[in-house]
Participant: 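Take a look at this one; I'll ask things after.
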2 protein chains.
Amino acid sequence: METEELETAAKKTPHTHGECTKSILPVRDALEVLSGKWKLPIIISLIFGNKRFSQIAKEIPGITDKMLSKELRDLEANCLVKRTVYDSIPVVVEYTLTDYGHTLKPVIEVLRNWGVAHRERIMHL
Amino acid sequence: METEELETAAKKTPHTHGECTKSILPVRDALEVLSGKWKLPIIISLIFGNKRFSQIAKEIPGITDKMLSKELRDLEANCLVKRTVYDSIPVVVEYTLTDYGHTLKPVIEVLRNWGVAHRERIMHL
DNA sequence: TTTTAAACTATACTTTGGTATAGTACTTAC
DNA sequence: GTAAGTACTATACCAAAGTATAGTTTAAAA
């Protein structure tokens, strides 16, 4: 019996490379925005309300100042977070989720729902 | 003017640690399933139809055998992919998205839609 | 008899992500 | 004048993720 003649379903839906790649790229973009250990905690923390640097730091156990600073800059570069400097003494900086940042809420919801179900499933094995 | 008196919106919606953490964990679970450079290409490739090892390898430019093998085992451990060995000569192994794996489709769709919009937005800056 | 193909595994290496620790500038409170 | 609070930055280090390259088994094809 030749390999090529196997009765698998493998050949049923032919498709091109380009199709796949084009379909993957934007998904990757979205995942990148949420990637890493700290972006999600930061975004979710800001969904609950505007925060100052040290407030976020306190709310996220384990994060270092360096990572918080770096990730906030990342999120700002992606227009998801706005940084406002208050000219007080000492200087206070407030971080806000932009309107655009809030468009992530349904995305996070879908991920959460799937995640909850997945957790259930993996537990009961 | 004291820091504590600033008229920011930062104090409007108080919430607890526990709330945040519990809300983050399942999202992370979901992201983990899709994490890394190769899981998404593999899943999407299998959405288009069942495939054999070397077929997937050919469809995903740049992936090494080692990574493909490792990621497939990961996906199998998460019940997303089924591995079927055909007792032919030479041995042929077919990979299938399980029904459960297909539940990822809407998740990927949401990510893709957000990703497309995000790509647009970042481009036009 | 060497090559080809299937589906891998093994070893070593590099790159990226994240951590640990310390230090900066400014000012107010003790 | 020393400590403490604001929001950071710098340096060095470490571990996980990914890459490169090669080797394994079986058997058919050239």
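Below, chains carry the letters A, B, ... as their sequence lines are ordered, and counting in each starts from 1.
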Participant: Give the rounded distance in Å between these two atoms: OH of B:Y95 and C1' of C:dA6.
Facilitator: 11 Å
Participant: Going only through I, L, V, M, F, W and Y residues with side-chain contacts under 4.5 Å, is there a path from A:I44 to A:V116?
Facilitator: no
Participant: Roughly how many Å is it from CD in A:Q55 to P in D:dG5, rounded to a whole number?
Facilitator: 15 Å
Participant: Between B:L97 and B:I63, is there shared hydrophobic-cluster membership here, with clusters defined by ILVMFWY side-chain heavy atoms closer than 4.5 Å?
Facilitator: yes
Participant: Determine whether a donor-acceptor pair (N or O, by modelled atom type, separation under 3.5 Å) exists between the side chain of A:T98 and the backbone of A:L80.
Facilitator: yes
Participant: Anything under 3.5 Å between a protein N or O and an N or O of nucleotides 9-12 of chain D, put it in a table, one pair a line.
Facilitator:
from, atom 1, to, atom 2, distance (Å)
D:dT9, OP2, A:S69, OG, 2.7
D:dT9, OP2, A:R73, NH2, 3.3
D:dT11, O4, A:K66, NZ, 3.2
D:dA12, N6, A:K66, NZ, 3.4

Participant: Anything under 3.5 Å between a protein N or O and an N or O of nucleotides 25-28 of chain D, put it in a table, one pair a line.
Facilitator:
none

Participant: Taking CE from B:M67 and P from D:dT19, how many angstroms apart are they, rounded to a whole number?
Facilitator: 6 Å
Participant: Between the side chain of A:K39 and the main-chain N/O of A:S35, is any donor-acceptor distance below 3.5 Å?
Facilitator: yes
Participant: Tell me the interatomic distance from A:R28, atom CZ, to D:dG18, atom C1', rounded to whole angstroms.
Facilitator: 12 Å
Participant: Does a side-chain N-to-carboxylate-O contact under 4.0 Å join A:R52 and A:E94?
Facilitator: no
Participant: Quick check: does any side chain N or O of B:R28 sit under 3.5 Å from a backbone N or O of A:K37, one acting as donor and the other as acceptor?
Facilitator: yes
Participant: What I want to find out is whether A:E76 reaches A:K82 closely enough, with some N-O distance under 4.0 Å, to be called a salt bridge.
Facilitator: no
Participant: Rounded to whole angstrom units, what separation is found between the NZ atom of A:K58 and the P atom of D:dA7?
Facilitator: 9 Å
Participant: Remember a base hit wins even if backbone is also touched, and classify B:G62 as base, sugar-phosphate or nothing at under 4.0 Å, heavy atoms.
Facilitator: nothing
Participant: So which protein N/O to nucleotides 13-16 of chain D N/O distances come out below 3.5 Å?
Facilitator:
none

Participant: Could you tell me how far apart B:R83 (CZ) and C:dA6 (P) are, to the nearest whole angstrom?
Facilitator: 16 Å
Participant: Quickly work out the A:L68 CG to C:dA20 P distance and round it to whole Å.
Facilitator: 15 Å
Participant: Starting from C1' on D:dG18, measure out to CG on B:L40 and report it in whole angstrom.
Facilitator: 17 Å
Participant: Keeping the roles fixed (side chain from A:H124, backbone from A:E120), state whether a donor-acceptor pair exists under 3.5 Å.
Facilitator: yes
Participant: Under the criterion salt bridge (charged side-chain N to carboxylate O under 4.0 Å, His left out), I'd like the reasoning laid out for A:R112 against A:E109: C-alpha separation, chi angles, the key distance, then a yes or no.
Facilitator: CA-CA 5 Å; A:R112 178 170 17 248; A:E109 260 316 292; 2.7 Å; yes
Participant: Do you know the tightest heavy-atom contact between A:W38 and A:G62?
Facilitator: CH2-C, 3.7 Å
Participant: I want to check one thing: is the phosphate of D:dA7, taken as OP1 and OP2, less than 4.0 Å away from some side-chain N or O of A:S54?
Facilitator: yes
Participant: Whether B:R121 engages the ring of A:Y100 as a cation-pi pair (distance to the six-membered ring centre under 6.0 angstrom, angle to the ring normal within 45°) should be assessed.
Facilitator: yes
Participant: Picking from C:dA6, C:dG18, D:dT6, which would you name as closest to the side chain of B:R52?
Facilitator: C:dA6
